[in-house]
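Below is one structure, written out as structure tokens; comments come after it.
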Amino acid sequence: MAWQPEEGPLRQLAECLRDSLSGQDPTLQKNAENLLEQAKASPDIDKYLAYVFSNAQPPPVVNIDAPGYFKARAAAAVMLKNDIKTGYKSMPDDSKSYIKSIILMGLQDPNSQMRSYAGNVITEIVRSGGLLGWSQVLSDLIDMIANANGNVPSQAQEGGMGALLKICEDNKKALNHEHAGGQRALTFVFPKLLEFTTSPLPKVRADALSAANVFIPDKPPAVQDNIDTLLQQLFSLSSDPSNEVRKHVCRSFVHIADVAPQKITPYMQGLVEYMVTQQRNSDDADLALDAAEFWLCAAEDEKMREHLGPYLAKIVPVLLESMVYGEDDILRLEGEKEDAELDDRDEDIKPAFATSKSARLTTGANGSDTPNGNGTANQSLPGMDNDDLSDGEIDDFDDDDSVGDPEEQWNLRKCSAAALDVLASVFHEPVFQATLPYLTTNLSHAEWPQREAAVLALGAIADGCMSDVEPHLPMLTPYMITLLSDPEPVVRQITCWSLGRYSGWASHLDDNGKQQFFVPMMDGILQRMLDGNKRVQEAAASAFANLEEKANSELAPYCSIIVRQFVQCFAQYKYRNMFILYDCVQTLAEHVGPALAQDDLVSILMPALIQRWNKVSDQSREMFPLLECLSYVATALGGAFQRYAAGIFSRCVNIIQRNLQEALLAATNPTLEVPDKDFLVTSLDVVSAIIQALDPSASSELVAHSENFFYLLGLCMKDDNNDVRQSAYALLGDCAIYVFDQLRPQLPELLEVLIGQLELSQVMIDGKETGFSVINNACWSVGEIAMRDKEGMQRYIDRLLQKIATILFTPNVPDSLNENAAIALGRLGLGCSQFLAPHLAQIAPPFIRAIENVMWTDEKGHALTGFMQIVLANPNAMEQSLLQFFNEMSNAERSLFNGPTPGHTALWDTFQKVIETYKAMIPDFDAFLAGLPGQHRQKFRDLYGI
């Protein structure tokens, strides 16, 4: 007999479930939640929850009205799903069986929300128990959707398809997993999905195609085997009356363009017409956006892009049309006026770093830098690791109540601008010609939305069409500068961004050209950095950082003007815009360097930074960009930074110590929050920058007065975070260069840590770039230590050789790591040549291969000098490699021999000894040199006087 609930517990449970959603009575709600928590102790609780949820009408014993029972069912579904998620493996088998037997009834509910809840529970069972744990569910759902007997209500078909879609999204890998006999569930499911796209029900068609789209990007066998059928279905569905269906049709074509472009290029003319039509759909912004995504995808694909060329005259106009703000946005933006004096709202403030150099030029259509196209860096939610989600799982976090700033969301306007940018970079002049009529008509349009969109378009084609736009820039630039004073903030905002895109042209003109165009452009953007509107401030600061990148050292003569404006910004900016201001300061420091070290500039810039430094707490996320900024400023100012160094250095060391202590406590107490390792990284980087910037005696004094400095450095070198270790090894190398006397007594402990970290095997398995970067910096620091400790490295040489040789002999290691390993090995030869000489025949070939790729710098000179000392200790071992080595030495730059330091003369003197050694060993040395390629042979003779 099937399980039946007891009347008393059922009645009480239903009332508690209802009351748990009673937001109007917090006391009643809290009591209900406590009772539900106690009810979890019952072994049958999940049966009761499934029973309440699956019965559309209140059972006779439950005296609750319809709205109340609806709440009870909703609460039951959520509680049941969470129980399955957290404890399915320990759930009694009879409970699992009962839930499976009854839950499908929920898919037939007349209420769509209840059908969705049923789908969530079904999906969670499959996810938690595996497909094999409920192998019948796929067949049951497919039978329900197929309605072969014609007796399944339409809402049940829709519910079944919704559940199947959720299973596909949540179990993508499992469905494609190959079982014994080569069977895959997807082989059965995917053709059924295509079949369901012919359903008479629009929701079933849309969800079926949405489910198919889950698998297309990975191109599993089921997709490859059915790609032609899929295409035929798409062509049939392209004229579907449902916007939702056509939206998924567009997405399918985007996926196919990415994984199988050859399948759709024969139909490009029709596809272009179709996407243009869908993008012009003014009733459905999502559909238009999905159509616009096609241009972006196709233009970025080398196999697809050439097929777009003949249709640019159709594509570009629709992109331009889509870049104009819609009516709702216009109403919203016209309400935004002067707000610079207002404090940032909580929702305006997002944890963020100053934009990275590599990301800065990827810019959004609202004039702000957008590394991932929607105004934010691509980061997970705090405390949430996406790796915790199973493949394809949709996280439960739903932020519908906090949709954020519309200007920072990916939308049709931004997508269209990005597509125009990419098309311009691919096709150049044809895109400019297709854009020019629009610019001519709209740049000076009386209505600001058209004016703003034209400025956006002009900025979007900057990189790809620069040579075509350039003849027009002497006319366009002055007009654009006038738009910096446009009454509408959003026009001023986009004009800043667009001018920043053209600043490279203006900054490299001759003196007259700079005076006419660059100086007014620079001054105009600087003035907007103090705009009365915070968005314009942000766009101007972002544009100026772009200008700094493009102008580079050309900015040096204007440092006084720039710094004075920055200082005013420090006095005016609120929290959010302070981040991009730090980026402006550090980028200026990076590109003008010592030009910033003038006393009058230091005396106004540093007090502004120090004032902020004193205001920001050690735990504030503003500390990250501030520390990063200070590291660049310290490097630029050099000795001029000394008067500010002690306090900053000491505070950074304290931040490092506290972060390490908090991490240690959190490791033993799970109730404590794990500290953010970015505090460690940025503090280590500032300490490095200060040590490099100051006179060695001043740096030595700072380190000497910093208690536990090298102990803390050793802990950072052992940290489990790659970024921390990477910065720690950079600091270790800098200490070797600038404060070696303080470092020397600590080397035994630190080198033991370092040698243990020079382990390539785990990094090769992980494949993480940051792991290679750690070893890269560790190799570099070994070389810097070896340069100064020389014979002191002998006690470590056997272990170091084994680790470094492993790097040199391992294929697929990044070039930079190979090169730093070779430099470290060569520098070890300066004091350990007799210990390395017995291994020379084995290490010479990979060493030479790696060192050939290194530029002729002092580091290479040191490495070659050490390597040649190894050669002199065992010259016979070079029999197979000597000619290759001489060939590399023929490429040497004469300046490395004629420099002022002992290292330069050592390179020359040591190689002369090598030549004399082999002259004595090789009977016909001239005949041996004849083995060098002709050009290299003559260069070798000329360079070394042979």
Side-chain angles (χ1 to χ4, degrees), residues 783 786-791 793-794 797 801 804-805 808 819 822-946:
M787 277 281 295
R788 291 151 186 88
D789 205 32
K790 292 189 170 66
E791 290 80 6
M793 300 296 286
Q794 291 176 2
I797 194 63
L801 174 61
I804 292 173
L808 291 173
E819 293 161 13
I823 290 172
L825 180 61
R827 286 175 154 184
L828 284 165
L830 295 171
C832 307
S833 57
Q834 69 272 34
F835 296 92
L836 294 170
H839 310 282
L840 181 59
Q842 291 76 40
I843 63 177
F847 171 85
I848 296 170
R849 281 196 302 271
I851 210 72
E852 284 174 342
N853 296 318
V854 179
M855 294 176 62
W856 286 90
T857 60
D858 287 347
E859 285 189 345
K860 182 169 181 174
H862 302 151
L864 288 170
T865 301
F867 179 73
M868 287 186 285
Q869 291 184 16
I870 304 170
V871 170
L872 290 172
N874 187 7
N876 289 320
M878 288 292 287
E879 181 179 359
Q880 301 299 319
S881 303
L882 185 60
L883 202 61
Q884 184 183 2
F885 178 57
F886 279 4
N887 188 68
E888 174 59 11
M889 291 302 294
S890 74
N891 294 316
E893 295 181 6
R894 196 175 294 273
S895 60
L896 278 180
F897 300 121
N898 301 332
T901 68
H904 293 102
T905 55
L907 179 62
W908 173 266
D909 293 342
T910 308
F911 192 52
Q912 290 299 323
K913 291 178 184 177
V914 169
I915 291 173
E916 293 304 318
T917 297
Y918 284 110
K919 274 186 177 179
M921 291 177 60
I922 300 172
D924 192 345
F925 191 67
D926 283 342
F928 175 77
L929 291 182
L932 291 170
Q935 184 180 359
H936 290 263
R937 182 168 61 248
Q938 192 57 48
K939 283 174 64 178
F940 187 89
R941 290 183 179 279
D942 293 343
L943 193 57
Y944 303 109
I946 298 173

| task | Output, in order, the C-alpha distance, side-chain angles, deciding distance and verdict of side chain to side chain contact (heavy atoms under 4.5 Å, CB included) for Met921 and Asn876. | result | CA-CA 9 Å; Met921 291 177 60; Asn876 289 320; 2.9 Å; yes
| field | CA sep, side-chain torsions, deciding dist, call: Met868, Thr917, side chain to side chain contact (heavy atoms under 4.5 Å, CB included) | value | CA-CA 11 Å; Met868 287 186 285; Thr917 297; over 6 Å; no
| query | After noting the C-alpha distance and the side-chain angles of Val871 and Thr910, does the key distance pass the side chain to side chain contact (heavy atoms under 4.5 Å, CB included) rule? | reply | CA-CA 10 Å; Val871 170; Thr910 308; over 6 Å; no
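Atom CE of Met793 is separated from atom CG of Leu836 by 10.5 Å, given to the nearest 0.5 angstrom. The line from CG of Leu872 to NZ of Lys913 is 7.5 Å long, rounded to the nearest 0.5 Å. Remark: Met787 CE to Thr865 OG1 distance equals 8.5 Å, nearest 0.5 Å. If you take CD on Gln794 and CZ on Phe835, they are separated by 4.0 Å, rounding to the nearest 0.5 Å. Atom CG of residue Leu896 and atom OG1 of residue Thr857 lie 7.5 Å apart, to the nearest 0.5 angstrom. One distance of note links CG of Leu828 with CG of Leu801; it measures 8.5 Å at 0.5 Å rounding.
Listed by chain and number, the residues in a salt bridge (Lys or Arg N to Asp or Glu O under 4.0 Å) with Lys939 amount to none (sequence neighbours excluded). Among residues two or more places apart in sequence or in another chain, the salt bridge (Lys or Arg N to Asp or Glu O under 4.0 Å) test is passed with Asp909 by none.
Between Phe886 and Phe911, the ring centre distance stays below 6.0 Å. The ring of Tyr918 has its center no closer than 6.0 angstrom to the ring center of Phe925.
Contact detail for Ala873 and Ser833: the closest heavy-atom pair is CB-O, 4.2 Å. When all heavy atoms of Ala822 and Ala863 are compared, the closest pair comes out as O-CB, 4.4 Å. Here the shortest heavy-atom pairing between Leu825 and Leu808 reads CD2-CD1, 3.8 Å. Shown here for Gln842 and Pro845, the closest heavy-atom pair between the two residues is O-CD, 3.5 Å.
Within the structure, every pair that satisfies the ring-ring contact (aromatic ring centres under 6.0 Å, His included) test and touches residues 841-861, not counting sequence neighbours, is listed here: Phe847-Phe867.
Paired with Ser890 under the rule side-chain hydrogen bond (donor to acceptor under 3.5 Å, both in side chains), one option of Arg941, Arg937, Gln938, His936 passes, and it is His936.
A salt bridge does not link Arg849 with Glu819: every distance from a Lys NZ or Arg NE/NH1/NH2 to an Asp or Glu carboxylate oxygen is 4.0 Å or more.
Residues Cys832 and Glu791 fail the side-chain proximity criterion, which asks for heavy atoms closer than 4.5 Å. Looking at Gln884 and Glu852, their side chains come closer than 4.5 Å, going by heavy atoms from C-beta outward.
Remark: side-chain polar atoms of Glu888 are not paired, donor with acceptor, to backbone N or O of Ile848 under 3.5 angstrom. One N or O on the side chain of Lys860 and one on the backbone of Ile851 form a donor-acceptor pair closer than 3.5 Å.
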